[in-house]
Protein chains: 2
Amino acid sequence: MEQPRKRAKPGRAPSPTGRTSRPRQAEVARLAGVSQATVSLVLNARSDGKGATISEETRQRVLDAARSLGYVPDPAARRLAAARNNLLGVFSFTATFPTDVQHSYYPFLVGVEQEAAALGYDLVLFTGSSSGGAGAVGPDALSRVRLADGCLFLGRHVPRAELKRLVADGFPVVHLGRREELEGLAWVGADYVSASRDVVARLAELGHRRIVLVREDDEAPASSDRQEGFLDGLARAGLPGGPAAVLRCVDPVAELTADRVRALVADGVTAFVAEETDTGAAWRAVSGAVREAGLSCPGDVSLALLGSPPPDVSREPVPMGFEVPRHALGAAAVRLLAAMVAGQEADEPLVACEFRDGVTAGPHEVHLP
Amino acid sequence: MEQPRKRAKPGRAPSPTGRTSRPRQAEVARLAGVSQATVSLVLNARSDGKGATISEETRQRVLDAARSLGYVPDPAARRLAAARNNLLGVFSFTATFPTDVQHSYYPFLVGVEQEAAALGYDLVLFTGSSSGGAGAVGPDALSRVRLADGCLFLGRHVPRAELKRLVADGFPVVHLGRREELEGLAWVGADYVSASRDVVARLAELGHRRIVLVREDDEAPASSDRQEGFLDGLARAGLPGGPAAVLRCVDPVAELTADRVRALVADGVTAFVAEETDTGAAWRAVSGAVREAGLSCPGDVSLALLGSPPPDVSREPVPMGFEVPRHALGAAAVRLLAAMVAGQEADEPLVACEFRDGVTAGPHEVHLP
DNA sequence: TTGTAGGCGTTATCAG
DNA sequence: CTGATAACGCCTACAA
């Protein structure tokens, strides 16, 4: 029976570039006088002692041969055989690198990259979420992410149906930012509740007895969390809470006039806490109104900001408050994703924010009657 | 004759999670009631009319099956079979997202992402170049990039041997930034020569007859290019060039004193041109010394900066000069890389800089004797 | 201790 | 028009 002859270049279009092929394990094996499998064994010697059943002499011969040939394993083949490609996806619903740096995911990506590197993963950036790029825009645009071992999602407007499908299929998915509406979707977020509570606690510690929160009129989880923590902080300090402690403004800058601030202060308020938003309106309103009212900041009243100051006012005095740990969030998301990819069901949804002393809050001396 | 039975999970550790593995072409085929090969044919339908010998009905069945299964081709397998990935690699020799945003590749990446999206490629960020991550630091660290169809390299310190290997093997590689030392390495860079020449031309047009360049004492291609363009600009305008027109400083801020500026002006110099460097020292020195010398800027002398002003002086008057088109550079690099991947030998190494009028240069009235 | 024999998922060729 | 089938380069259970 005649063996079918090997085709010269079977199933392969002639390489357009005349690519010279690199040495493979088979050639190393030939040079070392061993089998290809042995080469593989030697090259992937388990560092954990186990399975290292290769004679030192053979080992050296193989190593020498590999070196002299300049052998380098083919990553594609390696990954194919390992049924895993060490790739984590990153999918954002706006351009990952928007022209407007302010709105970018950059700070998160710093953490994402670092942690991915530490864990031995490379990153796939799926493009065209906005720009209408790589994946045809069809309803299965999201499906491209399956090429990675798992995928990280950033951004607000997530196509629920698509994502649900991925989750249902058991594809490892992590969302950066709290997102509890979607059953079974893993996420990591910042612990705004604790952080806000801590800020209030610190103000109380400084002697403040009447503290108000200035927030915008939206229903984002990030806002509710802060309010919850704020009110909880008041309660724990035995301070008056309730609706009176919260100023909910549609347009903070317009509504929080100098007069209003003066009235509040006259009424006994000694500290203002602003929530952080995209626009930074709440903080801008508070600090502006206080200044206009002619009140000195750490002296007459104390201010705090539940988040990071907007970049364009970064030259102003640093407000007491907390930093959203964007690096840490990115890193945590990657850790969680990697755990899911590895089949462990670890979860670490909430990441602590870092308290920031700042210079806008000081002790409040209780005035004697 | 008994066929050897397939092992259940041959050569593969039992999946710890029992995670459902990604669907393969075989399953799509089964669902569609065709052979796996047919699936492959349908999915890679040649757009160039040829070989599209598949009945429309079958085609649809296959497509539907693939969609309903969420099928996505395995990039590793695809690569291994000598096809394309639709993946472009990005490899930087420092962290791609460094903590210090100033030194980041962000502006380039904006262009890279946009162009990749437009061309239908996703991006693979190879991590750990610095952080010692994914690819163990071995000599084969670079070779991971072979998973992609081609790779973009950013950064100064490139392991020459490794890169050379990739290039020699015909793997499509593009370096972002001029790099002619390495034979055969494709690159894209900014056209500093033309841009600098244009700045001089503009100054000459404004009536300036004695113009000097202040540069630092390094040998970076970016510096030499600017000087070359500067001198060429002088020559074309029929102005005095030669070494006298170039102030080469080891420490510009220290060497370019107010006195020296005064002396130069007394000698007939009416315009100063500073090169752009990492530190921005040349520009800082020039603008500082002129100010100290009590000279008004667009009035007494004109200034120009061959590049973008350092961010920390961005509130100062915008200097005449040019912008390094970082977006465009990133985009051009991707275009070139994509062309190489497609087997075309296109090249567009030099990208034009954008002239910036600024407010630091004005007409020079020739004083009557 | 080493060699043998699949098989990972795709692509492309070649007979039916 | 479709179904086998042979690689691609590597990994590993199992036999010798």
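Each chain gets a letter, A, B and so on, in the order its sequence line appears, and its residues count up from 1.
If you check C/dT2, D/dG9, D/dT2 against the side chain of B/Thr58, the one that comes closest is D/dT2. Set against C/dT10, C/dG3, D/dT2, the side chain of A/Ser35 has C/dG3 as its closest nucleotide. Looking at the side chain of A/Asp74, the nearest of the listed nucleotides C/dT2, D/dC10, D/dG3 is D/dC10. For A/Ala37, counting side-chain heavy atoms from C-beta on, the closest listed nucleotide (C/dA5, D/dG3, D/dC10) is C/dA5. Here C/dT2 is the nucleotide among C/dG9, C/dG3, C/dT2 with the atom lying nearest to any side-chain atom of A/Ser55. Taking every side-chain heavy atom of A/Ala81 into account, C/dC8 is the closest of C/dC8, C/dG9, D/dT2. Taking the side chain of A/Leu80 as heavy atoms from C-beta on, and the options C/dC8, C/dT1, D/dC10, the nearest nucleotide is C/dC8. Which of D/dG9, D/dC11, C/dT10 sits closest to the side chain of A/Ser40 comes down to D/dC11.
One donor-acceptor pair, N or O on each side, does fall under 3.5 Å between the base of D/dC11 and the side chain of A/Gln36.
Scored by the salt bridge (Lys or Arg N to Asp or Glu O under 4.0 Å) test, B/Arg30 finds no partners at all (sequence neighbours excluded). Remark: A/Arg59 pairs with A/Glu56 by the salt bridge (Lys or Arg N to Asp or Glu O under 4.0 Å) rule, at least two apart or across chains.
For the pair A/Arg61 CZ and C/dT1 C1', the computed distance is 12 Å after rounding to whole Å. Separating the CG atom of A/Leu147 from the C1' atom of C/dG9 is a distance of 13 Å, rounded to the nearest angstrom. The distance from atom CZ of A/Arg59 to atom C1' of C/dT2 is 16 Å, rounded to the nearest whole Å. Atom-to-atom, CZ of A/Arg79 to P of C/dG7 comes out at 25 Å; the value is rounded to the nearest Å. The distance from atom CG of B/Asn86 to atom P of C/dT10 is 15 Å, rounded to the nearest whole Å.
Within 4.0 Å of A/Val39, counting heavy atoms only, lies no atom of the nucleic acid at all. Counting non-hydrogen atoms under 4.0 angstrom, B/Gln25 reaches a base of the nucleic acid.
Between B/Phe153 and B/Leu142, the closest side-chain pair of non-hydrogen atoms falls below 4.5 Å. Proximity of A/Asn44 to A/Arg78: side-chain heavy atoms (C-beta onward) are separated by under 4.5 Å at one or more points.
Residue A/Asn44 has a polar side-chain atom (N or O) positioned under 4.0 Å from OP1 or OP2 of D/dC11. Residue B/Arg78 places no side-chain N or O under 4.0 Å from the OP1 or OP2 atom of C/dT10. Checking the phosphate oxygens (OP1, OP2) of C/dT2, no side-chain nitrogen or oxygen of A/Thr38 falls inside 4.0 Å.
Salt bridge B/Asp122/A/Arg144: present, at least one basic N to carboxylate O contact under 4.0 Å. Salt bridge present: B/Arg79 and B/Asp149 bring a charged side-chain N and a carboxylate O closer than 4.0 Å. Ion pairing of A/Lys164 with A/Glu183 is absent here, as no side-chain N (NZ or NE/NH1/NH2) approaches a carboxylate O to less than 4.0 Å.
An end-to-end axis angle of 50° holds for the helix from C/dT1-D/dA16 to C/dG16-D/dC1, taken from five base pairs per end and rounded to 10°.
Without hydrogens or angle criteria, B/Asp74 side chain to B/Ala76 main chain gives a donor-acceptor distance under 3.5 Å.
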